[in-house]
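Side chains included, hydrogens not; waters and symmetry mates left out as well; all remaining heavy atoms used. Convention: sequence-line order gives letters A, B, ...; per-chain numbering from 1.
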Amino acid sequence: MNRLDKLQLIYPESYERDSLIRIQQEISKQVTIEDLFDKLQLIGGVDCALIKDSIICSVVVMDYKTMEIIEKASVIEPVAFPYIPTFLSFREAAPMINAVLQLKNIPDILMIDGCGINHPRTAGLATHIGVSMDIPTIGIAKNILCGVSDEPEYVSDAKALMYNRIQVGWYLKSSKRSNPIVIAPGHRVSIKTSLTIVRNCLRGYKLPEPTRNAHLEAGRIKQEIKNEQ
DNA sequence: GCGACAG
DNA sequence: ATCTTGTCGC
């Protein structure tokens with residue numbers, strides 16, 4: 001696949017529903033959920049916030065072992081596409097990728113706020129970004145888009161998330177009071193490893209540290225912008 | 001046909 | 001996602 005083809009996965013030439021579905025089919029054709037990474041030293045969290053007709057996207061790079069923040073980067077861009085369930089990528093993938101491209105330290109894996117392979121066409125936001133950039137990704141969602149799962153009962157407990165009778169991820173009780181979160185491979189990470197990595201990034205909050213910090217950072221920037229206008 | 005539906 | 005203070009519960 002050449003550079004232009006890759007660009008069109010993120011900036012479609014047509015926003016017709018059928019064209020977008022064809023792009024998602026191409027993404028799902030290329031995704032792998034084998035563990036394809038050698039080292040895991042730097043992990044990045046990515047999240048977006050909205051302000052009027054703009055989208056703020058922040059990425060926070062952390063040391064996987066110590067959970068120390070290494071670097072942050074953010075972009076703000078006009079919103080290019082509305083929110084339509086199962087088509088979130090066409091709204092958030094481009095700004096997220098642009099934020100990651102600002103970084104000096106490219107993370108070994110990205111934790112992205114959204115679905116991975118737990119998507120009707122196996123092409124959630126984390127998978128879309130993973131395949132487009134050819135980088136390992138994990139999807140972290142607060143709600144189930146598709147699939148079914150039993151309720152995890154105690155902190156750190158996880159139940160399989162099933163879709164079409166196959167496991168596509170996990171429903172994880174990440175903290176004492178919060179509702180469970182949804183974990184799934186995005187790209188180049190196995191179902192089993194995605195859970196292990198997320199568990200290792202939990203520090204008593206609902207969200208794993210990389211995603212939690214990205215969420216906080218995007219929120220801070222949003223406040224700054226609000227205060228000066 | 002009806003309802004559900006990441007952010 | 002976003003609009004938003006207090007408030008119930010551990």
Side-chain angles (χ1 to χ4, degrees), chain A residues 10 15 17 20-21 23-24 27-28 31 45-59 74-99 110-132 137-149 153-155 161-164 168-187 194 198 204-208 210-227 229:
Chain A
I10 297 157
Y15 280 102
R17 190 180 180 91
L20 301 185
I21 286 177
I23 290 174
Q24 291 184 328
I27 295 290
S28 80
V31 69
V46 195
D47 191 28
C48 292
L50 294 168
I51 183 168
K52 291 195 172 178
D53 289 334
S54 294
I55 185 165
I56 300 163
C57 184
S58 298
V59 52
S74 297
V75 297
I76 175 162
E77 299 180 4
V79 169
F81 192 73
Y83 170 66
I84 300 171
T86 77
F87 293 99
L88 179 64
S89 296
F90 301 104
R91 180 178 173 89
E92 298 196 348
M96 281 187 170
I97 289 171
N98 289 332
L110 290 176
M111 232 177 229
I112 292 167
D113 200 68
C115 292
I117 63 166
N118 51 333
H119 177 280
R121 290 171 293 280
T122 324
L125 179 59
T127 299
H128 204 116
I129 290 176
V131 168
S132 301
T137 59
I138 295 173
I140 308 287
K142 292 107 180 163
N143 297 289
I144 294 174
L145 171 64
C146 63
V148 292
S149 170
E153 292 159 40
Y154 48 91
V155 173
L161 175 65
M162 310 296 291
Y163 185 59
N164 292 335
V168 292
W170 303 94
Y171 202 37
L172 167 68
K173 181 78 177 169
S174 53
S175 78
K176 191 173 181 183
R177 53 211 246 163
S178 64
N179 292 325
I181 59 175
V182 189
I183 311 301
H187 184 51
S194 62
V198 172
Y205 296 94
K206 175 173 185 172
L207 295 175
T211 301
R212 191 175 76 87
N213 279 301
H215 184 77
L216 290 173
E217 180 64 11
R220 275 192 286 269
I221 292 173
K222 177 173 174 171
Q223 276 310 315
E224 286 174 17
I225 294 174
K226 273 190 172 178
N227 291 334
Q229 56 185 19

Summary of protein contacts for nucleotides 4-10 of chain C, nucleotide by nucleotide, where a base hit scores B, a sugar-phosphate-only hit scores S (4.0 Å, heavy atoms): -----BS
Less than 4.0 angstrom from a charged side-chain N to a carboxylate O is my criterion; do A:D113 and A:K142 meet it? yes
So if I define the base as every atom that isn't primed, P, OP1 or OP2, how would nucleotides 1-7 of chain B read as a B/S/- string at a heavy-atom cutoff under 4.0 Å? ----SBB
With under 30° as parallel and over 60° as perpendicular, where do the rings of A:F90 and A:F81 fit, or are they tilted in between? perpendicular
Check the side chains of A:S74 and A:S58 for a donor-acceptor pair under 3.5 angstrom, ignoring hydrogens and angles. yes
Just to be sure I follow the notation: if a pair is Watson-Crick (purine N1 to pyrimidine N3 plus N6-O4 or O6-N4) or a G-U wobble (N1-O2 and O6-N3), each under 3.5 Å, what dot-bracket string does DNA chain B give, with | for pairs to another strand? .......
Are the side chains of A:Y163 and A:P120 in contact, using a 4.5 Å heavy-atom criterion? yes
CG of A:N227: more than 12 outside heavy atoms within 6.0 angstrom? yes
Within a 6.0 Å radius of atom OH on A:Y205, are there more than 12 heavy atoms belonging to other residues, nucleotides or ligands? no
Got A:H119 and A:H128 here, is their nearest side-chain heavy-atom distance under 4.5 Å? no
Do A:I112 and A:I138 come close enough that some side-chain heavy atom pair is under 4.5 Å? no
For A:F87, does the six-membered ring have the charged nitrogen or CZ of A:R121 within the cation-pi criterion, i.e. under 6.0 angstrom from the centroid and within 45° of the normal? yes
A:S174 side chain reached by A:L207 side chain, heavy atoms, under 4.5 Å: no
Which is true for A:K52 with a 4.0 Å heavy-atom rule: it touches a base, it touches only sugar-phosphate, or it touches nothing? nothing
